[in-house]
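Each ligand, and each atom within it, is numbered from 1 in the order the structure gives.
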Amino acid sequence: MCGIVGYAGNKNVESVLIVGLACLEYRGYDSAGIAVVDEDEIIIRKEKGKIKALEALLKEKPVKGKVGLGHTRWATHGEPSRINAHPHTNEKNTIAVVHNGIIENYIDLKNELQSKGYRFQSSTDTEIIPHLLNDELKSGKKIDDALMSIYKRIIGKWAIAVVFESEPDKVFFAQDGAPLLIGKGKNEYFLASDLSALIRNCDEVAYLSSKQWGFFTKEQFQLFNFEGVKIEAEFKKQELKWEEVDKIGFPHYMLKEIHEQTSIFRRVLEKRINDKNEIEFTELIASKEFLTKVNRFVIQAAGTSLHSGMIGKHYLEQFAKVQTDTDMSSEFRYRNPVVEGDTMIIAISQSGETADTLASVHEAKAKFLKVISMVNNVNSTIARESDAFIDTCAGVEIGVASTKAFTAQVLHLFLFSIYLARLKWMITDEQMKEIVDEVKTLPTKIESILQRASEIEKWAKDFVSSKDFVFLGRTYNHPIALEGALKLKEISYIHASGYAGGEFKHGPIALITSDVPVVCIANKSEIYPKMISNIQEIKARNGKIISIVTEGDTSAKSMSDYCFEIPDTHDFLSPILSVIPLQLLSYYVSVARSCNPDQPRNLAKAVTVE
Ligand code: F6R
């Protein structure tokens, strides 16, 4: 998704902006640009493609200055091109704007501006902003009033940054629903849409809330609401460490993050399970009583987070005995769902910024429902707008394909379900001990899978030319079949579909030929014999079987072309283990096909537009 950086200080603005933009690369983008305020003019440099292309342009045509803005664009309105790249300016080049999000009423505003004679260069919604500002200033308004007037006119979820030739020391910024934060240095201020762009340079950051705007120079910072009332910004020490956003020797972030799962599980279990072997959610203390009265949960999420939510449904129904529905957030918001006052929403989002999931939180609030979110970014908009949030503690996830955040979500959904079941006296002390003992073995089991990653790496070359893949699983592992397919297609561009084993013969089995690898998750469980039937049906049609089985398995293994053994655990914990070989499979197939797993085409790390 798009990224914003801004700077006012004594350093060379060109390098500060480029370094900041490079830190935002992981979010996904197709063009990049900067605006630098020189003494008497605004200089724009922008280019289609990677930041390297912009750097090459800057080498050819360097810029000098101490104040400026930068942007990485992920195309929404208009193709990726130099013209559509940000910053956008008014005709006289005296105002430059970068923008994240979408302006929903841009067509009306564009028509209005065109009827007044304004000419547009790009196909973007962003370009209306410098023209609107130009129009307001032309009518005699001061810059502050012009800005406040347009904030009320542009509808949607957005964040912007603006520089004016007439105010060469200042960077102006505003947000209404899209993240933006300010970093404070020594005689310098920074602006960014994501913390990762600030950590190298500032210790203190302040997150903006919706409908806030302001400006900074190198020495001064001011914040207001959209009515012009001054607000005290709360600068806090930022805790993110540089190692957390470094590859520390791994060839890709995705592989680093897959390998981090062992330490994350150790850390989470230490934090969530106390000395008395009870599960703790200190952040939910205020909601405890309400939680025991919830009659129905509706889980809201998208993509990989939706798959963890699907496993969460099993957990909440199985252990806490609360009816639970899992719903795509993009659908929930538009179908006027039936909900009662004792329904609670659980919004799951790694980034905490996904536009659809945020909108479903707003929809829930409009229906007076309580919302708990489960996020990996506790400073995110979704966390801030929920009644309570659970930190999944996975650390910053940079690879676009979600891996460690997914398993951390599943673990938290499991722990939350057991926590709730205990609150409701539904689990005895003996059962609790048995569950906790088993869950504590997970880090070692994950580690043992990762130690055998090379087994899967060897398979990858056999699938370089595959066109289609099928993934099958049942009950707890049905969402893992969906997740395995999503992971493979997003980073290797091989078409892949996941199905519940039982549904397979109702249509998808028609896909099977000797060219179609079928990944069957056939761990030890009550439905193991059913998965064996699936495998036999595929074998009978010459399908190629890749099975994920429990160690010691013989039946599924004997029928498989490729087989990976995962350590024995309860069926309900098996998705945490079975997903890891599938993450590795998609990673190694992607690399074998010379794709970049960290930055797959067309994808963005946080989908902040609808
Ligand atoms: C896939 C992936 C996406 C996200 C989805 C929701 O690997 O990462 O499907 O899971 O865009 O994102 P969050 O969890 O940030 O709301």
Inset, instruction - Indicate, as side chain, backbone, both or neither, the part of Val400 found under 4.0 angstrom from ligand 1 when only non-hydrogen atoms are considered. - result: backbone
Inset, instruction - Check each heavy atom of Glu490 against ligand 1 and say whether those closer than 4.0 Å belong to the side chain, the backbone, both or neither. - result: side chain
Residue, atom name and distance, where the atom is the protein heavy atom closest to [atom]:
atom: atom 6 (C) of ligand 1; answer: Ala302 O, 3.3 Å
atom: atom 15 (O) of ligand 1; answer: Ser351 OG, 2.6 Å
atom: atom 11 (O) of ligand 1; answer: Val607 CG2, 4.0 Å

Numbered atoms of ligand 1 (with element) below 4.0 Å of [X], judged on heavy atoms:
X: Ser349; result: 13 (P), 14 (O), 15 (O), 16 (O)
X: Gln350; result: 13 (P), 14 (O), 15 (O), 16 (O)
X: Ala401; result: 7 (O)

Inset, instruction - Could you label the plane-to-plane angle of the His71 and His86 rings as parallel, tilted or perpendicular, counting under 30° as parallel and over 60° as perpendicular? - result: parallel
Legend entry - Plane angle bin for Phe414 and Phe319 - parallel if under 30°, tilted between 30 and 60°, otherwise perpendicular: perpendicular
Inset, instruction - Sort and list the pairs that fulfil salt bridge (Lys or Arg N to Asp or Glu O under 4.0 Å) and have at least one residue in residues 396-407, not counting sequence neighbours. - result: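 Listed by first then second residue: Glu260-Lys404, Glu397-Lys605.
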Inset, instruction - Show your reasoning for whether side-chain contact (heavy atoms from CB on, under 4.5 Å) applies to Leu577 and Ile449. - result: CA-CA 8 Å; Leu577 302 184; Ile449 293 175; 3.9 Å; yes
Legend entry - Side chain to side chain, Ile345 and Phe332, heavy atoms closer than 4.5 Å: yes
Legend entry - Any Ser417 side-chain heavy atom under 4.5 Å of His314 side chain: no
Nearest heavy atom to [atom]: which of [options] does it belong to?
atom: atom 13 (P) of ligand 1; options: Leu306, Thr354, Asn377; value: Thr354
atom: atom 14 (O) of ligand 1; options: Ser305, Pro600, Ser380; value: Ser305
atom: atom 1 (C) of ligand 1; options: Thr304, Val375, Thr392, Ile491; value: Thr304

Inset, instruction - Provide the closest heavy-atom pair for Ile348 versus Thr357 in the form atom of the first, atom of the second, distance. - result: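 Closest pair (atom of Ile348, atom of Thr357, distance): O-CG2, 4.1 Å.
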Inset, instruction - Taking side-chain contact (heavy atoms from CB on, under 4.5 Å) as the test, write out the residues that go with Asp387, two or more places apart. - result: Lys365, Lys370, Val371
Inset, instruction - Please verify whether a non-hydrogen atom of Lys487 lies at under 4.0 Å from ligand 1. - result: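 Within the 4.0 Å threshold, so yes.
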